[in-house]
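Every chain is numbered from 1 and lettered A, B, ... according to where its sequence line falls, protein lines coming before strand lines.
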There are 2 protein chains.
Amino acid sequence: MFSKSTEYALRAVLYIAKYSSADKKIGIETVSTAVGSPKSFTAKVLQKLTKNNCLINSVSGPNGGFFLTEEAKKTSMLRILEILEEEHVITKCVLGLQECSDVNPCPMHNRYKLIKPLLIDMFENKSIQDVLNELTDSSITLIDVQDIRITHK
Amino acid sequence: MFSKSTEYALRAVLYIAKYSSADKKIGIETVSTAVGSPKSFTAKVLQKLTKNNCLINSVSGPNGGFFLTEEAKKTSMLRILEILEEEHVITKCVLGLQECSDVNPCPMHNRYKLIKPLLIDMFENKSIQDVLNELTDSSITLIDVQDIRITHK
DNA sequence: ATAATTAAGGACAAATATATCCTTAATTAT
DNA sequence: ATAATTAAGGATATATTTGTCCTTAATTAT
């Protein structure tokens, strides 16, 4: 559904939010190893999320790394998609038509318009904090089993 | 959501199903112009759907082209995704985890598992013929407004 | 038979996404 | 101040997707 960039971003943000704080920042090495994503590539994706200045914070230098403020943890999962400009994956026409709407629908429109709001809600009505709460349940995971075997730089 | 290949394929198949029959085949030029997709690229995508030998039929030569049998029109929209191997777009883990299931869920799993069956149903429980029936309603379209201005080869 | 038409398919080109590497800048610890 | 650590960011590489072009094969009309 989403691009790899976005998958990595979602996992990385959740991991950072979970295992860090302003006191205990977490480095890209740790993050990328934990969520099974290539280090340098993940770094680039996270840069996009630090620039907006309202989701991830980062600090250079020793004991530096990434972290989320308590305020930032209240952000919805949808916000991550917005910043990465991947909302369209959910919102656009299933057949790829530019002009697909209630007045000018594609043949799938009337069915998809029932599902689209549920998909949006799944991200909008779920904050990062909500995910963190779930993650206290040890059966819920962010680790990518397959990729974790590969050595990333 | 889907790749351009798949978007083109979905639109092209529907157009061919609608405007052709064993008597009146339709050429790639007409199809690609109608649905606003690049001609040669669309041709390649349709080849995948003719090879399986059970969805699109094609005939070379004058008055040749593509068509669907009445039987083929009973095929579900999901079948198109299956042949193009794009089912995973709907079925795989939202966070891209290899191992994401009820026993080993990602933090989005329990929400997405309510929506996934609806997405599958949207394609599975909708035949090409169903779409054709809708297309008799003139407000429903397959034409891509933006792309149609571009000259494709 | 010949010419014309049309899909199949190979080869290649361009664009985009993914991934890596290296240098710089910022910060901290000593 | 100096050295060490870590993110930022530029440059480049690789892979994949998208798109084009040309030749071949199949079919039909004359």
Please convert DNA chain D into dot-bracket. A pair counts if it is Watson-Crick or G-U wobble with both distances under 3.5 Å; crossing pairs go in [ ] and bases paired with another strand get |. ||||||||||||||||||||||||||||||

Run through the side-chain heavy atoms of Ile, Leu, Val, Met, Phe, Trp and Tyr, join any pair under 4.5 Å, and report what else lands in Leu114(B)'s cluster. none

Quick one: salt bridge (charged side-chain N to carboxylate O under 4.0 Å, His left out) partners of Arg111(A), sequence neighbours excluded? none

Given atom CD of Glu86(B) and atom C1' of dT18(D), what is their separation to the nearest angstrom? 13 Å

Tell me if a side-chain donor or acceptor on Asn57(A) pairs with a main-chain N or O of Phe66(A) at a distance below 3.5 Å. no

Specify the separation, in whole Å, of atom CG of Asn57(B) and atom P of dT6(C). 18 Å

What pairs of nitrogen or oxygen atoms, one from the protein and one from nucleotides 8-10 of chain D, lie under 3.5 Å apart?
residue: dA8(D); atom: OP1; partner: Thr50(A); partner atom: OG1; Å: 3.4
residue: dA8(D); atom: OP1; partner: Ser58(A); partner atom: OG; Å: 2.7
residue: dG9(D); atom: N7; partner: Gln47(A); partner atom: NE2; Å: 3.3
residue: dG10(D); atom: N7; partner: Lys44(A); partner atom: NZ; Å: 3.4
residue: dG10(D); atom: O6; partner: Lys44(A); partner atom: NZ; Å: 2.4

Provide, to the nearest angstrom, the distance between the CZ atom belonging to Phe67(B) and the P atom belonging to dA7(C). 12 Å

Just to confirm, is there a sub-4.0 Å distance from OP1 or OP2 of dA29(C) to any side-chain nitrogen or oxygen of Asn63(A)? yes

With 3.5 Å as the limit, what N/O pairs link the protein to nucleotides 14-18 of chain C?
residue: dT18(C); atom: OP1; partner: Lys4(A); partner atom: N; Å: 3.0
residue: dT18(C); atom: OP2; partner: Ser5(A); partner atom: OG; Å: 2.8

Sugar-phosphate only, base, or nothing, as touched by Ile26(A) at under 4.0 Å among non-hydrogen atoms: sugar-phosphate

Non-neighbouring partners of Lys116(B) that pass side chain to side chain contact (heavy atoms under 4.5 Å, CB included), sequence neighbours left out: Ile90(B), Tyr112(B), Ile120(B)

For residues 127-134 of chain A, please give each side-chain donor-acceptor pair under 3.5 Å, one per line with the distance, not counting sequence neighbours.
residue: Ser127(A); atom: OG; partner: Gln129(A); partner atom: N; Å: 3.3
residue: Ser127(A); atom: OG; partner: Asp130(A); partner atom: N; Å: 3.0
residue: Ser127(A); atom: OG; partner: Asp130(A); partner atom: OD1; Å: 3.4
residue: Ser127(A); atom: OG; partner: Asp130(A); partner atom: OD2; Å: 3.3
residue: Gln129(A); atom: NE2; partner: Asn133(A); partner atom: OD1; Å: 3.1
residue: Asp130(A); atom: OD2; partner: Ser127(A); partner atom: N; Å: 2.9
residue: Asn133(A); atom: ND2; partner: Gln129(A); partner atom: O; Å: 3.4
residue: Glu134(A); atom: OE2; partner: Lys126(A); partner atom: NZ; Å: 2.5

Please name all residues satisfying salt bridge (charged side-chain N to carboxylate O under 4.0 Å, His left out) with Glu85(A), sequence neighbours left out, ordered by chain then number. none

Go through the structure and list residues passing salt bridge (charged side-chain N to carboxylate O under 4.0 Å, His left out) with Glu124(A), not counting sequence neighbours. none

Would you say Lys25(B)'s side chain and Ser58(B)'s backbone share a donor-acceptor pair under 3.5 angstrom? no

Length of the line joining Lys39(B):NZ and dG9(C):P, which is rounded to integer Å: 17 Å

ring-ring contact (aromatic ring centres under 6.0 Å, His included) involving Phe67(A) - partner list, sequence neighbours excluded: none

Would you please name every residue forming a salt bridge (charged side-chain N to carboxylate O under 4.0 Å, His left out) with Lys113(B), sequence neighbours left out? Asp102(B)

DNA chain D: 5'-proximal contact among Pro62(A) and Val59(B) (nearest heavy atom): Pro62(A)

Quick one: side chain to side chain donor-acceptor pair (under 3.5 Å) partners of Lys92(B), sequence neighbours excluded? Glu7(A)

